[in-house]
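Working notes for the structure below.
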Amino acid sequence: MGSPTRVVVLGLGLLLLAGVPPAAAVFNQPFYVDLFRRVMIFAIAALSLDLILGYGGMVSFGHAAYLGVGAYAVGVLMHHGIHNGFVQWTLAVVASTLVALAIGAVSIRTSGVYFIMITLAFTQMLYYLGISVEEYGGDDGMRLATRSQFPGLMDLKNPTVFYYLVLGVLLMFLYIGHRLVNARFGMVIRAAKSNEPRARAIGFSLYRYKLTAFAIAGAMCGVAGALLVNQTEYLTPEFMHWTRSGEIMFMVILGGMGTLVGPIIGAAVFLLLEDVLSAWTVHWQIILGPFLILVVLFAKRGLFGLLPGAASRNG
Amino acid sequence: MRTIGRAVLISLVVALVAVQPAPAAETVKIGFITSLSGPAGIIGKHMKDSVELALDHLGRKVGGLDVEMIYGDDQRKPDVGKQLADEMLKKHKVHFVSGIIWSNVMLAVAPAVTSAGTFMIGTNAGPHELAGKMCHELFFTTSWQNDQTPEAMGKYMQDQGLTDVYAMAPNYAAGKDMIQGFKRYFKGKIVGEVYTKLGQQDYQAEISQLRAANPKVVFVFYPGDMGIQFLKQYAQSGLRGQIPLYSVYTVDEITLPAVKEAAAGNWETRYWSPDLKNEANQKYIADFRKKYGYTPTFYGAQSYDGIMLIDSAIRAVKGDLSNKKGMIAAMRKADYRSTRGPYKYNVNHFPIQNFYLLRAVQLPNGELEMQIQKTVFESHKDAYHQECAMKW
Amino acid sequence: MTLFLVLEQGLNGLQFGVMLFLMAAGLTLVFGIMNLVNLAHGSLYMVGAYLATMFVQLTGAFVLAVVLALAGTLLVGVVVELVALRTLYERDHLDQVLATFGLILFFNELIAILWGRAALYSSLPAWLSGHIQVLPGVRYPVYRALVILVGLAVAALLWVVVSRTRLGMLIRAGASNRTMVAALGVNIRLLYTVVFGFGAALAGLAGLMAGPIYAVQPGMGEQILIQVFVVIVIGGIGSIRGALVGSVIVGMVDTLGRAFLKPMLATFLSPSAADTAGPALASMLIYMLMAAVLAFRPQGLFPARGI
């Protein structure tokens with residue numbers, strides 16, 4: 001992460017997040033616990049996308065698919081009477097890894113716009129599949145009987161407990177991500193993004209590395225999906241729509257690609273801004289649209305990238 | 001002399017009114033969730049405009065209390081709807097949550113609202129789960145149960161002895177529900193049942209298949225822009241005069257201005273129409289047209305009724321918003337001037353109401369309008385109320 | 001299921017494909033020549049439809065409205081290029097995708113503010129509302145036949161312009177080596193603006209042709225945009241020939257799939273299974289097709305930077 005400024009900002013941010021439930025209790029505003037929890041869940045999804053997008057240069061427009069797969073894993077099991085969180089969340093991880101491997105196997109052969117399109121196509125296929133399966137509500141979706149149960153360990157119905165669980169997962173993934181990108185594995189991925197022919201010339205089998213990164217990112221996003229469906233207590237194929245992928249991607253860009261911490265900031269700014277803007281005017285998209293353009297054109301490094309200490313890692 | 005007398009009289013009246021025990025000067029907070037942005041925003045506009053008109057008619061006071069309306073845009077997403085509901089409940093501390101166009105958003109929001117002990121007044125979506133097993137004393141709707149409208153169409157076509165029906169709908173939950181509701185009452189021959197892709201624009205292929213199947217009657221469910229596209233293309237293929245087209249939720253005051261003569265002569269069933277003759281409705285339509293310059297759809301009428309229902313409940317408990325049992329009892333009486341005329345509530349808090357056959361008629365000035373032809377169902381109950389465990 | 005029905009559906013597929021081609025041609029031209037991924041192409045389509053509808057209402061003459069709408073869309077396209085897109089040529093595809101996605105949001109909302117969110121009334125003029133008998137028992141709408149003719153004419157026009165005119169030569173040279181062409185004294189910025197304007201006009205043409213038969217409302221471009229991207233990915237980005245082949249293939253597969261997949265499945269599956277699987281598969285069909293093509297030819301069928 002590098003520079004002291006960045007570390008301080010990260011530390012402060014995490015402290016802020018940890019302080020939300022007690023502050024909300026003091027000011028009697030329990031809504032903010034839910035709001036920031038939702039922010040953190042999308043932050044996890046954005047972080048997982050940053051691994052392959054920011055570091056690997058793989059522009060996946062289909063990342064929302066894993067959000068859906070994770071959510072459906074939990075929802076389907078819940079529907080069939082299996083409420084145990086361990087079982088559900090393990091299935092969420094396994095299922096999203098498998099789906100990511102399958103999609104990645106085909107997609108990673110392509111590059112550039114083709115890669116964008118094919119990942120988009122796959123997520124649309126899953127979306128239409130979700131709509132068609134009536135058993136799980138189709139597009140009407142399905143209500144969850146309860147939140148995932150972890151008997152004896154914790155009760156997710158308690159908003160504060162659930163909040164700290166999500167925060168814990170976020171921190172854990174942040175750490176895993178940090179170790180990954182600084183390990184040999186991460187170096188290869190970043191080399192591939194920076195100069196693919198050279199990386200190949202050195203002798204790496206890039207396909208395998210990229211596929212592994214893709215699968216890891218998918219698995220992480222699957223966990224985000226399991227958390228999201230618990231947050232809303234409602235399962236819907238809307239989780240898998242390609243516009244959802246676009247939103248997650250925007251969070252990564254806004255916060256700062258290739259920084260791991262940036263996506264967290266991006267998720268917070270995006271969701272909070274959306275909440276504020278849509279309460280203010282019906283035509284909020286006419287503001288968000290140009291804002292997006294301006295960010296892409298002028299703040300490419302994102303908000304986190306504006307802070308000093310950005311080594312030109314990403315070429 | 002006379003003026004002084006009048007002044008004294010007026011002062012006396014004012015004094016009498018002023019010293020009456022005023023209700024706890026609380027503000028009633030009502031949350032309203034609908035889709036305000038994006039393509040479906042037009043529906044949200046009808047609803048919001050109707051709510052504002054209702055507030056105008058009530059003198060900007062609901063049940064005699066000052067009112068704070070909090071609008072939320074669900075962007076057609078259930079998780080956004082749920083977040084809005086959470087915000088309304090926990091941050092704004094609303095006394096009522098109302099609105100909601102889409103069934104999937106309703107299914108995500110309603111249980112959360114009612115389990116938090118707050119009223120959910122639905123003004124459009126009527127999923128069968130909420131009419132049956134998931135009915136709740138704090139949930140009321142001023143619209144209908146989704147299946148009732150196609151049931152009415154099925155009954156009409158059954159009674160007319162129509163046969164060789166070709167049915168089409170988009171391939172999603174609502175589409176399948178519509179066809180299912182239709183088949184609950186229509187027992188004749190169905191020569192084709194086709195589900196098309198959600199959001200599909202071009203129906204030429206399906207129209208060719210339809211023509212090859214040689215039906216006598218076509219029945220479709222194509223809401224919003226799908227409906228506009230299908231109606232135009234059906235007319236352009238030359239079938240409009242040849243094979244009569246019956247539909248539900250396809251031809252309404254939103255889509256008619258976009259298709260005009262392409263929909264002339266089409267049949268629909270609905271619980272309400274702008275030309276329904278009762279005092280409340282005529283006032284609603286006249287004032288709406290005057291204030292906004294367009295004709296509202298049923299989405300608007302339902303939302304208007306929602307505010308009036310809430311108003312009647314608060315009046316009944318004299319502004320004591322903590323008396324929820326009292327408000328439930330009051331709402332169950334449906335004692336307000338509804339735009340559909342008087343109606344009763346079923347055990348599951350869904351209205352027992354009439355359904356009418358409507359036809360799109362071309363007026364002398366070239367505009368098109370939905371007009372009631374006859375009553376198909378009188379005091380029709382939905383098909384799921386027996387699954388509801390509530391008794392009262 | 002008669003032969004004539006199959007033929008009629010084939011014609012429908014061709015027409016749908018041609019409609020897609022009108023959009024795909026502009027998009028692939030811009031991508032191939034200027035290496036610009038332009039999601040806002042769908043917005044230009046929408047602008048074309050709105051302008052045509054508005055001009056028909058104002059003037060009452062269909063042909064005049066068409067000409068005005070084309071000119072209007074071209075103008076809007078040029079303005080967008082000058083103001084927003086110039087900076088994007090040097091950027092990578094991700095930036096272009098995101099920035100043009102922002103343009104989509106902006107345009108949708110702008111249209112909603114100007115014309116409202118309700119769909120506009122648009123219809124065919126009386127002289128285009130008839131039918132012609134192409135096959136026994138098959139009455140084909142005149143307008144749809146016109147769309148096919150227009151599309152094929154545009155394809156021919158594009159081929160002529162690109163391979164037989166000086167402008168086309170400049171386009172191909174600029175795609176090959178931009179710097180060299182500029183060094184030779186050609187105003188490459190003007191060239192790009194011209195090409196983009198041309199692409200915008202094509203999108204506008206697709207929009208104004210679609211207006212009378214589809215719903216004219218904000219967001220109408222997005223629905224067709226994904227299908228158009230599928231077309232150019234299958235056909236090969238940058239290749240007009242690929243766009244034509246790709247759009248006809250996609251049009252045919254999608255139409256025939258929608259029409260015949262369920263009856264075909266019903267021959268070996270139970271009716272209720274066919275009822276569920278048929279529509280579900282039909283909606284996924286073009287994506288599956290794209291995945292299959294990319295699995296064998298990752299660059300599309302006729303890969304080319306240039307025509």
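The chains referred to below are lettered A, B, ... by the order of the sequence lines, with proteins before strands, and numbering in each begins at 1.
- Ranked by heavy-atom pairs shorter than 4.5 Å toward chain C, the options B:Ala205, B:Ala213, B:Ala235, B:Ser237 are led by B:Ala205.
- By the 6.0 Å contact criterion, NZ on B:Lys189 is open, its count of non-hydrogen atoms from other residues, nucleotides or ligands being 12 or less.
- Only the side chain of C:Phe16 comes within less than 4.5 Å of a heavy atom in chain B; its backbone stays farther off.
- Proximity of a side-chain donor or acceptor of C:Glu8 to a complementary backbone N or O of B:Ala212 within less than 3.5 Å is not detected.
- Once rounded to the nearest 0.5 Å, the distance linking CD of B:Gln209 with CZ of C:Arg258 reads 10.0 Å.
- Identified by a heavy-atom distance below 4.5 Å to chain B, the contributing residues of residues 113-120 of chain C are C:Arg117, C:Ala118, C:Ala119, C:Leu120, in residue-number order.
- Rounding to the nearest 0.5 angstrom, the gap separating the CD atom in B:Gln236 from the CG atom in C:Leu124 is 4.5 Å.
- Listed in order of number, the residues of residues 102-110 of chain C that approach chain B to under 4.5 Å between heavy atoms amount to none.
- Side chains of C:Tyr140 and B:Gln204: a donor-acceptor N/O pair is absent below 3.5 angstrom, by distance only.
- Interface check for chain C: of the options B:Glu261, B:Lys176, B:Glu193, the most heavy-atom pairs under 4.5 Å are formed by B:Glu261.
- With a threshold of 4.5 angstrom between heavy atoms, B:Asp202 approaches chain C through its backbone and through its side chain.
- For B:Gln201 against C:Ile224, the heavy-atom pair with the smallest separation is OE1-CB, 3.8 Å.
- Contact count versus chain C (heavy atoms, under 4.5 Å) is highest, among B:Val259, B:Ile254, B:Leu256, for B:Val259.
- For residues 245-256 of chain C, heavy-atom neighbours of chain B at less than 4.5 Å comprise C:Thr255, sorted by residue number.
- The residue among B:Lys45, B:Lys260, B:Gln200, B:Glu206 with the most heavy atom pairs within less than 4.5 Å of chain C is B:Lys260.
- Contacts of B:Leu239 with chain C are absent, with no heavy-atom separation under 4.5 Å from either backbone or side chain.
- Within residues 214-229 of chain B, the residues approaching chain C closer than 4.5 Å by heavy atoms are, in numerical order, B:Asp225, B:Ile228, B:Gln229.
- Between C:Pro212 and B:Lys232 the shortest heavy-atom distance is O-CD, 3.2 Å.
- A distance of 6.5 Å separates OH in C:Tyr214 from CD in B:Gln233, rounded to the nearest 0.5 Å.
- Interface check for chain B: of the options C:Ser122, C:Ala282, C:Gly130, C:Gly219, the most heavy-atom pairs under 4.5 Å are formed by C:Ser122.
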